[in-house]
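A short write-up of the structure that comes next.
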Amino acid sequence: MTSDNGAREEMRSAYDPSEVEERIYRGWEEGGFFKPQGGDRPFTVIMPPPNLTGELHMGHALTAAVEDALIRWHRMLGDDTVWVPGVDHAAIAVNALVERQLDEEGVSRHDIGREAFLERVWDFVNASRARIAEQHRRLGASADWEREAFTLDEARQRAVRQTFVNLYEDGLIFRGERMINWDPVGQTALSDLEVEYRDVESSFWYVRYPALDEDGDPAPSPLEGEGGGEGERAQPATPAGDYIVIATTRPETIPADTAVAVHPEDERWRHLIGRMVLEPTSDRPIPVIADEAIEIEAGSGALKVTPGHDQVDFEIGERHGLETINILAPDGTLNEHAGRYAGLDRFEARDRVVEDLEAKGLIEKIEPYTHAVGHSQRSGAVVEPIVSEQWWVNVGPLAGPAIAAVRDGRIAFVPKRFERTYLHWMENIRDWCISRQIWWGHRIPVWYCDAGDCGETIAAVEDPDACPACGGALRQDEDTLDTWFSSGLWPHSTLGWPDEDAEDLARFYPTQVMETGYDIIFFWVARMIMLSLYNMRGFEGGDIPFETVYLHGLVRAPDGRKMSKSFGNVVDPLGVIEQYGTDALRYALISGTSPGNDQRITDDRVEAGRNFANKLWNAARLVRTLAGPDADLELPPVGDERLRREDRWVLSRLERTVGLADELLRSYQLAEALRQTRDFFWDEFADWYLELAKLRVREGDGVPLAVAAHVLDRVLRLLHPFMPFVTEEIWQRLAEARPDPEGAPQLIVARYPAADTARHDEAAERDLAAVQDFVRAIRNERAAKRVEAGRWIEAYVVADGAAEAAGDLAAAIGQLARARPLHVVAGASDAPSEGVVTAVLPVGRVVLPMAGLFDLEAERARLGKQIGEARDEVRKLGAKLANEQFRTRAPAAVVAREEERLATASSRLRGLEESLAEII
RNA sequence: GGGCGGUUAGCUCAGUUGGUACGAGCGCUCGCUUCACACGCGAGAGGUCACUGGUUCAAGUCCAGUACCGCCCACCA
C-alpha cells in the first residue's frame, strides 16, 4: 500500500496536506499507476508545454489541474490512459531570458558566438526541466515522466526535420523575400501573430514634397500661407505645380520613399500624376503615381510610398515597379541608405528628420495622433516592417483540411463559439513566416553549397556530408524555426512520429482531448491541426490530432488584471500549495473554471478548498471513530429491512449525485460536477445524515456506519480527480477496514462509480425533506424567540403529509431541534393552541408552547404578514391556472406542478389562518 | 472597420435544451467552545437577473436594438 506499512497514526483533528502529499505521490509512483494500465479504450492527453523559464504559472497549474482531473477520471473509468508530459523549448522566452543575462554582463550573443550562447542556454534549460518535473509532482499531476517529450531531443528533432523536408518537397515551404515584422531588440523576424498592436500617442506630420515642373526643374516658389484651417480639403492650399503634401507617422522612413501615390480620381492632386517630386530629406526626385488603393479621405490624400518599410507600400511598389530601399539595420539604427541619418537610432532619426524639414520650411503642420503601433510580443520593442529573405509555409493547402475537420465535427471545440473564431482565422490565413534569427531552437535543415557557382540548396533530415551535386562543402542555414512549428507537431511527435510503427502512435493517436487556454488557438491549436492532418494523412487510426479542444479561460490576478510581473500581481502556485495544500489550489482552480471564461484566483476560493478538504477529513474521522476497528461495514442490499428511511434517502441522493457528476464531466462541466458533489457531501451527508447516524450508533445500530462508509467511499471516488491527495489518503485509511471489492490497492486505480438507480427512492427523499422542514422550523422559531442554544423545549409536530416519517424519526427530530418532549400528532386539534408559536409548513406545522417567551402581538403581526404573502401566492397561482391559454398550451406536467403548488399554498394559507384564529 | 464575450445578492462568480431566482463561495447580522470538524455548527438579512422593445400561456434563459466594460482579428498612411 504505502511505504509506511499502512501503520498510520490516528487521524488528527485537522487535515495536514504537508504530511500527506509527498507520501501519497510516492505511493502512486511506486504503484506504477501513471503508466497506461491497459484498459480497453485509449484516452490520451498531451500536456501542453509549460514555461521553460522554470517559473510555474497559474495558467499552467490550471491546465495541469484540468488535464489531471480528466486523466484520473478516465483512468478510473478503466480507460487506457496516457498523459505525456511534453516540454517545449520555448524558444523566444528562453532566448530572451539568456540574452537579458548577457545584457547585464554587458555583452551580446553576437559577442560570445553561437556555440557559447547555446551552452549557456542548455545549462539553464536542463535546470528548468528538472524544476518543471518537480512542479508537476507538487501539483499532483499523474503524468508519466518516463515518457517526457522534450522538443530538442533527437526523436523530436527528427520529427521537425521530416516535416520540414516533406513540406519543402511538396512545395509548401519556400524561401522568399517579403515584408516581415522585424524585432530590432530580439533581432529576429516575427510571424504576424507575434506582433501586438497597441495604441500609441504620436503625431501626424504633414510634409511638403516640392514638385518639379515638366522639365524636371523645381517649380517656382511654393506659395506661403494656407487657405486657412478647415477649408483645406475642399480647396487645397497648394496650387498646382508647387508641392504635394503627405501625412506620415513615420518621418524617419522618408529617405526610403520611392514615390508618392494619390488616388486617380482625387481632384486635388490629379494634375501632378506622372510628374516628379523631391523626396525632401535628400532632394531625390521620385514619381507621383496613381493607385486605386489610396484613400482620398485619409491624411492629405497623398501617400508617401515606402516599399521597403510598409506592407501596403510594398504592394504598391510591386504594382508600379518601384525600387525598394531598406534603410534599417537589424538593430534598429538607420543604415548607409539613409544618407546623413545613417547610424542614428530610428527614433532619434525621426526627430532629426522633422528638425531638418522644419528648417527647410517643409512641415506644413503637426497634429497629435493616436494610432496602433506593432510591438513584439516578447521583447516589447516597436516592430519594424522590413523586406527580408525568410522561410515561409504556404499554409493555404494545409488550411483546407483543417477547416474541414472542424466543419464536419471531427474536431469539436468546447465552448463551441471558438469554432467560429478558429474558422474565421483559418479561412483568412496568410503565409507563415517560420524562420527566426535567434539561436536557441530547431535549426532549419537546409544546406547551401558555396562551391564555385554550384548554388545547390538541399533540405535533408540527416546532416549531409557534402554537396550531392558537386561534392563541395555545405553550409547550414543560420536560422532557427518558429517555436510553434515544432509545437505544432506535438500530438504525434510526442507519441513517436515519424516512426510510423511507434507503439504509442498506433495505440494512442489520435488523442482525445486537447486542453489549453483560448489565447493560443491560433498559435498552437490551429498549427497542430494543420500539421497533424498533413503528417498523419492516411494514418490508420485517423489523421486528426484530437477530438475535442477544451478551452479554459485565463487565470487572472485577484485584482482582475492579467497576472504580470510588471504589475506585481502574480500569484505563485507553489506558494499557494505551500500554504493551503495542493488539493485546495486545485479545488480553487477547478471550481472557478467554466469553459472559455476567465477566472480570478483569490485566497477565498483556495480557503474554501482547504476547508472542504478538512471537512472530508473530519467526516471520515467521525465514521472511523464510531466504527472502531472491527465494525461490519457491509452495505445492506436494496430492500433490506435494516435500511431505514434516512438510509434510503441518503443512498438515493448519493446515486443522483453520482449520475449528475458523471453527466457533467462528460460535457466538460468540471466546476459544476465538483460543486454538486461538494454540496451533496456537505449539506446533505455531513449536515444531516451523519447527525442522524450518530443517534442510532449510540443506540447500537451499526447500519448507519456501513451506509456512511459507503457514501464516503463513493464520494471520495467522485472527488478524486479534483482533489487527489486528501481523497486518496482518506480512502486508503477507510480501505483498511473496508477493502475495495474490486481489489484496487489505491483510489487512483479504483473504479469511478456509475449511478445505481436501484437505490433511487423518491418516497424517502420526500419524507426526509419533510423531516428537515420540521427541524428547521423548530430551530428557526427558537432562534427568532431567542431561546438559549442549549435549552430543551417542548414541541408538537403536526404531520399532515408525512406522518409516518415524522413518527419514525421523532427522536431524531427532537434531538436535532433540541425539542423534548416532542409530540408527533395527527391533526392541529391535538396540539395546544394557547400560548403557542406556530410555523405552518407545506407538509404540516410545528407548534411550540412558549408562553411568556414571546410577544403575542408581534406573533399576531407576523402571522398576519405571512397570511398576506400566502394569499398573494394563492391569487397569482389561481390566476395563472384560470388562464385558458396556459391550461391548453403549457405541457401537462407544468400545469400539474402549478396545481400542486396551488394546493400546497392554499393549505398553508388555511393553516396560517387557523393559527391566527387560535392564538387569540 | 469587423467579430466575440461580460453586465445576476455588498464582493467574486454559477445558472447548456424557456417553466417557482435551489443559486454558490466570501463578506455581513444574531446565537453557539453541542463529545468529527471554529478550516466548524445553527438561524438570518440581502437580487426591478444593465436598459428598451419583441416572440411566447410563460423569458435571467430566445430575437432585435441601446448603453457601459473587456477581449480578439484587420495593411487605415
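Chain identifiers are assigned alphabetically (A, B, ...) following the order of the sequence lines, protein sequences preceding nucleic acid strands; residue numbering begins at 1 within each chain.
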Checklist line | Arg897(A) CZ to G19(B) P, straight-line distance once rounded to whole Å | finding: 9 Å
Check: For atom C1', what is the distance between C22(B) and G3(B), given to the nearest Å?
Finding: 36 Å
Note to self: Could you identify the nucleotide paired to C41(B), looking across every strand shown and requiring Watson-Crick or G-U wobble geometry with both distances under 3.5 Å?
What the structure shows: G31(B)
Checklist line | Side-chain heavy atoms of Arg621(A) within contact of Ser13(A), under 4.5 Å | finding: yes
Next item on the list: Look at the side chain of Arg600(A) against the base of U12(B) and say whether a donor-acceptor pair falls under 3.5 Å; ignore hydrogens and angles.
Entry: no
Check: Do Asp257(A) and Thr306(A) meet the criterion of a side-chain donor-acceptor pair at a distance under 3.5 Å?
Finding: yes
Check: Between Val787(A) and Asn597(A), who's closer to the 5' end of RNA chain B by nearest nucleotide?
Finding: Asn597(A)
Next item on the list: Please state whether the base of A36(B) and the side chain of Glu691(A) form at least one donor-acceptor pair under 3.5 Å?
Entry: yes
Next item on the list: Between C69(B) and C49(B), how far apart are the P atoms? Round to whole Å, please.
Entry: 23 Å
Notebook entry, point to check: How would nucleotides 71-77 of chain B be written as a contact map, 5' to 3', with B for base contact, S for sugar-phosphate-only contact and - for no contact, using protein heavy atoms under 4.0 Å?
Noted result: -SSSBBB
Note to self: Any N or O donor-acceptor pair under 3.5 Å from the base of A36(B) to the side chain of Lys694(A)?
What the structure shows: yes
Next item on the list: Mind checking ring pair (Phe, Tyr, Trp, His ring centres under 6.0 Å) for Phe722(A) and listing every partner two or more places apart, or none if nothing turns up?
Entry: none
Note to self: What is the distance, to the nearest angstrom, from the CE atom on Met11(A) to the C1' atom on C35(B)?
What the structure shows: 17 Å
Notebook entry, point to check: Which sits closer to the 5' end of RNA chain B, Arg675(A) or Trp688(A), going by the nucleotide each is nearest to?
Noted result: Arg675(A)
